[in-house]
Amino acid sequence: MSGPVETALSRPALLSVLSSLMTGRKGVVIGVTVAVLFAVAALSALAPLLAPYDPLALNMTARLRPSSAEHLMGTDAYGRDIFSRVLYGGRISLVIGVGATLLAVGTGLVIGLVSGFFRAADAVIMRIMDGLMAMPAVLLAVAIVALAGASVGTVLVAITIPEIPRVARIVRAVILSTRSAPFVEAARISGTRIGKLMWRHLIPSTVAPLLVQGSYVFASAILTEAVLSFLGVGISPDIPTWGNIMSEGRMFFSLRPGMIFWPALILSLVILAANMLGDVLRDHFDPRSKTGRA
Amino acid sequence: MTGASPEAPVLDIRDLTIRLRGRDGATLLQDVSLSVAAGETLCLVGESGSGKSLTSLATMGLLPEADLEIGGGSIRLCGEELRGASRKRLQALRTTRMSMIFQEPMTALNPVARIGDQIEEVLLIHTQLGTAERRARVLDILAKVNLPDPRAIMRAYPDQLSGGQRQRVMIAMALVLEPALLIADEPTTALDVTTQKQVLDLIRTLQKDRGTAILFITHDMGVVAEIADRVAVLNAGAMVETGSLQGVLSNPTRDYTRALLKAVPGLEPRPARPDTSAGFALELDGLDKTFGRRGIFGRGREVRALDDISLHLRPGRTLGIVGESGSGKSTLARCVMQLEAPDSGVIRVCGDHVDNLHGASLRNMRRRIQMVFQDPYRSLNPRVTVGETIAEAPINYGMPHAEALALARDLLVKVGLPRNAADRLPHQFSGGQRQRIAIARAIAVEPDVLVADEAVSALDVSVQAQVLDLFEQIQAEMGVAILFITHDLRVAARICDDIAVMRGGQLVEWGPAAAVLTASRQDYTRRLLAAAPGSHWDFARFRPFPVRAPDMTGIAAPGRPA
C-alpha cells in the first residue's frame with residue numbers, strides 16, 4: 001500500500017493517492033460504485049431528454065398499467081409514467097444528497113474547528129451537538145419541516161441539521177490531536193496568525209476523514225429524504241421524488257408492486273454504492289484497518 | 001542450565017543474509033556471523049538501519065515473513081538449527097530457551113492484565129506446575145529482579161508501575177524459565193540514566209547467577225562500555241568489526257568503528273567561551289508553574305513543574321538544562337516559548353518583558369525567541385514544502401513571499417543542505433537533515449534566543465555530532481544565545497558553557513559547565529554523573545579517562561533528595 005495518511009493529501013500528492021486507490025480489489029469496488037453513482041446522476045440530469053413522458057401529465061385512460069414497451073415501469077393511479085417519474089425523482093434525491101453533504105460538511109467543519117481550537121467554546125458547542133445527536137434524525141427532520149413548511153429548501157435544511165454533529169465531532173477530534181503536534185506549535189512560534197494556521201496546518205488533516213464521512217452523509221440524506229416523502233411530510237406530493245412515488249404506490253402494492261419496487265431498487269443501489277465507497281475510503285485512510293500489518 | 005556443552009556457543013549465527021521479498025529484493029543483512037557463549041554478553045552496536053534489530057528478530061523467529069525472507073546462512077541455538085524450524089518448535093523455544101526484552105516495556109505488556117497473571121501465563125503454557133507452585137515462582141522471580149513488595153506488584157496493572165519497574169517486570173518474565181539466551185533490544189533507551197544504571201546492574205547480576213548468554217542490542221557506546229564482554233559493530237547490514245570490549249574500544253581496526261567512537265561526546269566539559277557581553281539575552285526570574293489535576297471527586301493532584309526558577313543567559317553563550325524525565329526542563333522551555341503561561345515569575349529577552357503578552361505584542365516577541373523541537377519527524381508539516389516551511393515566519397513578519405523563499409534557500413545552504421531542497425517535502429529527508437531544516441526555520445527571523453528542546457536526542461550519534469557542530473557554527477555567526485535542554489550529560493558537556501541541573505521542578509545547581517561536571521558539590525549532580533554509562537571511558541581517544549575526578553564515596557543512596 002501507499003505511504004501513511006500524513007503524507008497523503010498535499011496537493012501534488014493528491015493525484016498519487018487517487019492513482020493508488022485505483023489499484024487492486026479496492027480499484028474494482030471504487031470503479032463499480034463510482035460508475036453506479038455517475039450513471040444515476042447522468043440519467044437524472046438528462047431526464048428531460050430521456051423521459052418518454054411528462055412526469056406530471058395525467059392520463060386517465062392508462063391508469064395502473066403494468067410494465068410494457070410503452071411504459072417501461074408501468075403507470076400510477078393517475079396514469080403518469082413511472083419510468084419518467086423515477087428519472088425526475090432522481091434529480092431531487094441527488095440535489096438533496098449533494099446539497100446536504102456540502103452543507104453538513106461545511107457547517108460541521110466550521111463548528112468542529114471552533115470547538116477544537118477554542119477550549120471555552122468547546123464545552124458549550126459540544127453539549128448542543130450531543131443534544132442534537134440524541135434526537136432521531138427522521139423525527140428531528142419531521143419537526144423542522146412541520147415548523148417551516150415543506151419545500152426543497154426546508155427539507156434540505158431539515159435533513160442537514162441532524163448530520164452536522166457527527167461531522168463536527170470528527171473535525172474536532174482531528175483538530176484536538178493535531179493542534180498540539182510539534183509542527184503546529186512551531187507554526188505558532190513562527191508568528192502564524194490563526195486563519196493561516198488553520199488553513200495551512202490544521203484543515204488539511206481533516207480532508208481524509210471528511211471525504212469518508214461525506215459519502216455516508218450523502219447516502220443517509222438521500223434515504224432520509226425518501227423516508228420523509230414516504231411519510232408524507234417531505235417535499236410536496238405533486239413533485240416526483242422516489243419517496244413520493246413509493247408513498248403513492250403503497251395503496252396499490254398488491255396490484256402493482258412495481259410502483260414501489262423500481263424506485264426502491266434504484267434508491268438501494270445508490271445508497272449501497274455510496275456506503276461502499278465510504279468504506280473503501282475509510283479503509284484506505286485508516287492505517288489501523290490495513291490488513292497484514294502490525 | 002541447558003544442554004549445550006560449555007565450549008559450544010549458546011547462539012551461533014553463520015553468514016546470515018536477510019532480503020526483502022520480491023524479484024529485485026534488496027539485501028538488508030549480508031553474511032552476518034556472530035556467536036554468544038554461556039555467561040557472555042555480546043553487544044551488537046550500530047546506527048539506525050544497520051540491521052541489528054533484524055538479526056535479533058530472525059533469531060527469535062519473529063521476522064515479518066510477508067515482507068522479509070532469510071536468504072542464506074544458519075542460526076543455531078544450543079546446537080539446534082532455527083532456520084526452517086516449525087512455528088510450533090519456535091513457539092516452544094521462546095521463553096524456555098531464548099527470550100527477549102524490548103525498548104518500551106509499556107507496549108510489550110498487556111495493559112489490562114495484572115502483572116502476576118501475565119508472568120504466570122508463561123508458566124502455565126510452558127510448564128506442568130500447579131497453581132501454588134506457579135505463584136511461588138512468580139513471587140520468587142519478582143523478588144530476584146529487586147522489585148519492592150512483590151505481592152503488591154503481582155496485583156498491579158502495568159500503568160501503575162514506573163518505567164524502570166515495568167522493565168524489571170519484563171526481565172522477570174523473560175527470565176522466569178531460565179532461558180539460555182536473552183536478547184535485549186535497546187532495553188534501557190527509554191529509561192532515565194539512574195534507572196538505566198540500576199537495570200544494567202540487575203541484568204549483570206542475574207547473568208552471573210544463571211550463566212545466561214546475552215545478545216544486547218544498543219546504539220549507545222556508553223552502555224556498551226558498561227555491559228559488554230565482546231562487541232560486534234554492524235553498519236548497513238554488514239558486520240564491520242567484532243572483538244573484545246577492550247579491543248574494540250581501545251584499538252578499533254576499522255575506519256567506521258573509529259568514526260563511530262569519535263562521534264561519542266566525552267564527558268569532559270568544553271572550554272567556556274569568554275563572557276564578553278554586558279547584558280543578558282534571556283533572564284528568568286522566579287518562574288513557577290503548577291499543573292493541577294482535579295479528580296472526579298475533587299481530590300486534586302498537583303504537580304509542581306517549576307518551583308522558583310531563576311536563570312540568565314548572555315548573548316553568544318549556551319546554557320544547558322539537564323535533568324531526568326519529570327524534572328520540569330521541558331516545561332521550562334515551553335514557558336520561555338510562551339506555549340505555557342507560567343503561574344508567576346518574569347521572563348525577559350534582552351531586557352524586555354515577554355511574559356503575559358497577547359495579540360500583536362506576543363507576535364512581536366515570538367520573532368525574538370525561536371525553538372528547535374525534539375522529534376524532527378513531527379515538527380515539520382508533512383504537507384508543506386521545506387522552502388515554504390522556512391519562509392513562513394519571515395512572511396508572517398512582513399517579508400515579501402519571493403524574498404522569503406530566496407532567504408529560505410540561502411538558509412538551507414547555511415545549514416548544509418542543497419538550495420533545491422526548498423522544493424521538496426519533509427518526508428524526502430532523513431532525521432538529521434530534517435533537524436537541519438528545523439534549525440534553518442528557527443534562525444530565519446534572526447532570534448536573540450534559540451531554545452533547543454532535546455534537539456539531538458532522536459538522532460544517531462554520528463548525525464548528533466554534526467548537528468551539534470551546526471548549532472555551534474550558527475551561534476558563532478549570529479551571536480544567538482542558546483538554551484539547550486537535554487537529558488544527556490555528554491551532549492551537555494559537548495556544547496554548553498553553563499549547566500543548570502533540575503530535579504522535580506527545582507534548580508539543583510547552576511554554574512559553569514566545568515564546575516558542574518567535574519567538581520559538583522551537589523549529591524544529585526554527582527549521582528547523575530556516576531550513572532552516565534561508560535563515564536570512565538574516553539571514547540573519542542580510545543582510552544579510559546586518566547583519573548576519574550569526582551570522589552564517589554560520599555554519594556547518597558538513590559532516592560534521597562539532594
Side-chain angles (χ1 to χ4, degrees), chain A residues 1-17 20 24 117-120 123 174-211 285 287-288 290-294, chain B residues 62 64-67 107 333-334 336-340 359-360 362-385 388-398 404 423-428 434 437-438 441-442 444-445 447 450-451 453-454 458:
Chain A
M1 268 327 301
S2 73
V5 181
E6 58 168 13
T7 58
L9 275 165
S10 59
R11 262 160 294 154
L14 189 61
L15 280 178
S16 75
V17 170
S20 80
F117 203 82
F118 302 102
R119 302 316 302 264
V174 172
I175 299 301
L176 278 182
S177 65
T178 313
R179 67 174 207 153
S180 59
F183 73 83
V184 177
E185 292 196 330
R188 279 170 63 196
I189 288 168
S190 301
T192 305
R193 287 173 201 276
I194 190 160
K196 186 175 172 190
L197 190 74
M198 285 188 172
W199 180 249
R200 189 174 202 178
H201 298 289
L202 294 174
I203 291 181
S205 47
T206 66
V207 170
L210 284 184
L211 221 54
F285 289 125
R288 278 168 303 178
K290 279 190 182 154
T291 49
R293 294 249 172 196
Chain B
L62 295 174
E65 287 178 15
D67 301 325
T107 53
R334 295 179 63 81
V336 170
M337 293 314 302
Q338 302 293 305
L339 290 170
E340 304 276 357
L362 177 62
R363 267 169 51 84
N364 281 329
M365 178 285 294
R366 286 217 147 122
R367 66 183 303 175
R368 304 178 64 179
I369 319 181
Q370 287 292 307
M371 181 161 176
V372 178
F373 291 83
Q374 171 171 7
D375 184 350
Y377 290 88
R378 298 184 63 221
S379 66
L380 301 174
N381 187 337
R383 299 180 182 88
V384 177
T385 61
E388 291 285 343
T389 296
I390 299 173
E392 183 158 343
I395 291 170
N396 288 337
Y397 292 108
D423 307 319
R424 288 187 262 160
L425 288 167
H427 70 87
Q428 292 169 282
R434 286 176 190 220
I437 295 167
R441 167 176 61 189
V445 285
L450 190 57
V451 176
D453 186 2
E454 299 279 9

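Lettering of chains follows the sequences in order, A, B, ..., and the numbering in each one begins at 1.
At a threshold of 4.5 Å between non-hydrogen side-chain atoms, the residues A/Phe183 and B/Val384 do not count as touching. Side chains of B/Arg441 and B/Leu380 form a contact here, defined as non-hydrogen atoms less than 4.5 Å apart. Here the side chains of A/Glu185 and B/Met337 are not in contact, with every heavy-atom distance at 4.5 Å or above. Within the 4.5 Å cutoff, side-chain heavy atoms of B/Gln370 are placed close to those of A/Ser190.
Contact of B/Arg378 with chain A is made through backbone and side chain together, with heavy-atom distances under 4.5 Å. Only the side chain of B/Ile395 comes within contact range of chain A, with at least one heavy atom under 4.5 Å from a heavy atom of that chain. For B/Glu388, the parts sitting under 4.5 Å from any heavy atom of chain A are the backbone and the side chain alike.
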